[in-house]
Amino acid sequence: MFDNILISFGLNPSDYTIQPFGSGLINHTLKVSGNAGDFILQQINVNVFKSPEDIAENLSLLNKHFKKTKSDYLFVAPLPAISGDFLVKSASGNVFRLFPFVKGSQTINFISYEKEAFEAAKQFGKFTRLLNEFEIGQLKYILPDFHNLTLRFQQFKTAHQNAPGERLDPASNEIKEVYKHDYILQTYKRLIANNEIPLRVIHHDTKISNILFDEQQNGLCVIDLDTVMPGYYLSDVGDMMRTYLSPANEEEADLSKIHIRENFFYAICKGYLSEMGTVLSETEKKYFIFSGELMIYMQAIRFLTDFLNNDIYYGTKYPGHNLNRARNQFTLLNKYVEAEEKFRQMMIEAERDLSTVPDF
């Protein structure tokens with residue numbers, strides 16, 4: 001079924017085998033293997049990414065920038081089809097693109113070691129640092145308001161007002177948690193309204209599987225670049241805090257398994273600041289720890305909102321799945337807040353340690 005797609009990219013289907021690859025939930029990803037080399041073929045989920053042409057344009061602009069300013073940086077850009085386009089449509093209307101496969105690279109789905117957290121944070125920081133001089137106005141917003149907490153809070157309020165009793169009653173404690181942590185929303189609104197932090201080119205999806213590692217678990221580069229667009233660095237750092245710090249992910253219903261690995265915070269902090277420490281403003285550094293509150297709170301709200309809306313966005317595997325996800329994230333948020341005094345000391349230590357290392 002992919003023969004015509006491969007032909008469009010100049011590949012002879014009889015020379016290659018195709019098999020599913022990776023664990024991504026949005027796009028459908030395949031590895032194309034043959035004697036002439038390996039590739040990654042990806043079908044873009046147009047239900048999520050409604051303007052794939054905008055993604056292709058963004059990546060083309062970034063690729064040109066890296067070739068001009070940092071030609072040795074490993075930027076895994078899409079390959080052009082025979083037509084010169086970076087996207088190919090099938091007869092059924094599906095949209096595909098082709099990437100080179102980075103030999104010797106691997107991804108991980110679960111973060112187990114501090115080094116992995118350090119390397120990932122370093123790579124995400126490096127990506128944003130190398131784009132510090134990029135003209136940000138050139139980029140299209142692929143998912144407008146993706147990390148807009150003000151909007152997410154308003155969506156929650158609407159869901160709260162309209163939810164039926166059978167949804168409101170079991171979620172009463174989580175609804176209280178939303179208002180208990182309202183100060184996070186107020187801080188976010190002030191930062192944005194007063195332009196206290198600048199827009200930067202950021203990844204917007206810093207889960208560990210979006211880093212390529214070599215066989216020694218050294219970070220090579222960031223991948224899955226569809227969500228790259230203007231945003232606040234808080235999003236990238238905060239989502240690393242949300243997804244790296246606890247050994248239990250957002251699917252864990254046993255809340256006793258959720259705890260904060262403080263040494264992983266230090267690894268994230270040191271890794272990110274090793275690249276961005278001289279780029280971030282003092283105000284941005286002041287809210288480095290706040291980034292975790294922001295992203296955990298936002299995700300908790302999104303899960304709870306979807307539960308109140310009868311589970312219309314996130315896929316569920318059992319009744320109350322989204323409510324359990326919300327409980328998971330509120331538990332993580334409370335434990336994160338409890339650890340913040342230690343985080344402040346760790347951040348001081350990380351900056352001090354980095355100050356004794358020669359410039360990168």
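As the structure is a computational prediction, the values presented were derived from the model and not from experiment.
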Salt bridge (Lys or Arg N to Asp or Glu O under 4.0 Å) between Lys189 and Asp182: does it pass, once the steps are laid out? CA-CA 11 Å; Lys189 290 171 70 173; Asp182 173 73; over 6 Å; no
With Met347, the side-chain contact (heavy atoms from CB on, under 4.5 Å) member among Lys285, Arg352, Lys342: Lys285
Can you label the angle between the Phe101 ring and the Phe21 ring as parallel, tilted or perpendicular, going by 30° and 60°? perpendicular
Would you please say whether a donor-acceptor pair under 3.5 Å links the side chains of Asp224 and His203? no
Can you tell whether the side chains of Lys335 and Glu338 come within less than 4.0 Å, N to carboxylate O? no
Do other residues, nucleotides or ligands put more than 12 heavy atoms under 6.0 Å from Asn132 CG? yes
Does either side chain, that of Arg302 or that of Gln329, offer a donor lying less than 3.5 Å from an acceptor on the other one? no
Check: Gln106/Glu215 side-chain N/O donor and acceptor closer than 3.5 Å: no
For Asp205, is there any backbone N or O sitting under 3.5 Å from a side-chain donor or acceptor partner on Asn210? yes
Do Ser92 and Ser90 have side-chain N/O donor and acceptor atoms under 3.5 Å apart? yes
Look at the side chain of Arg167 and the backbone N and O of Phe307, then say whether any donor-acceptor pair between them is shorter than 3.5 Å. yes
Testing Glu250, Glu174, Glu251 for salt bridge (charged side-chain N to carboxylate O under 4.0 Å, His left out) with Arg325, which one passes? Glu251
Is Asn58 reaching over with its side chain to a backbone N or O of Lys140, donor-acceptor style, under 3.5 angstrom? yes
Are the ring centres of Phe343 and Tyr336 closer than 6.0 Å? yes
Return yes when atom OH of Tyr113 has more than 12 non-hydrogen atoms of other residues, nucleotides or ligands closer than 6.0 Å, and no otherwise. no
Asp254, CG atom: more than 12 neighbouring heavy atoms under 6.0 Å: yes
Show your reasoning for whether salt bridge (Lys or Arg N to Asp or Glu O under 4.0 Å) applies to Lys286 and Glu196. CA-CA 11 Å; Lys286 178 181 177 182; Glu196 294 186 41; over 6 Å; no
Would you kindly say whether Asn109 and Lys207 are connected by a side-chain donor-acceptor distance under 3.5 Å? no
Do Gln299 and Asp239 have a side chain donor and acceptor closer than 3.5 Å? no
Examine the side chains of Tyr318 and Asn324 and answer whether a donor and an acceptor come within less than 3.5 Å of each other. yes
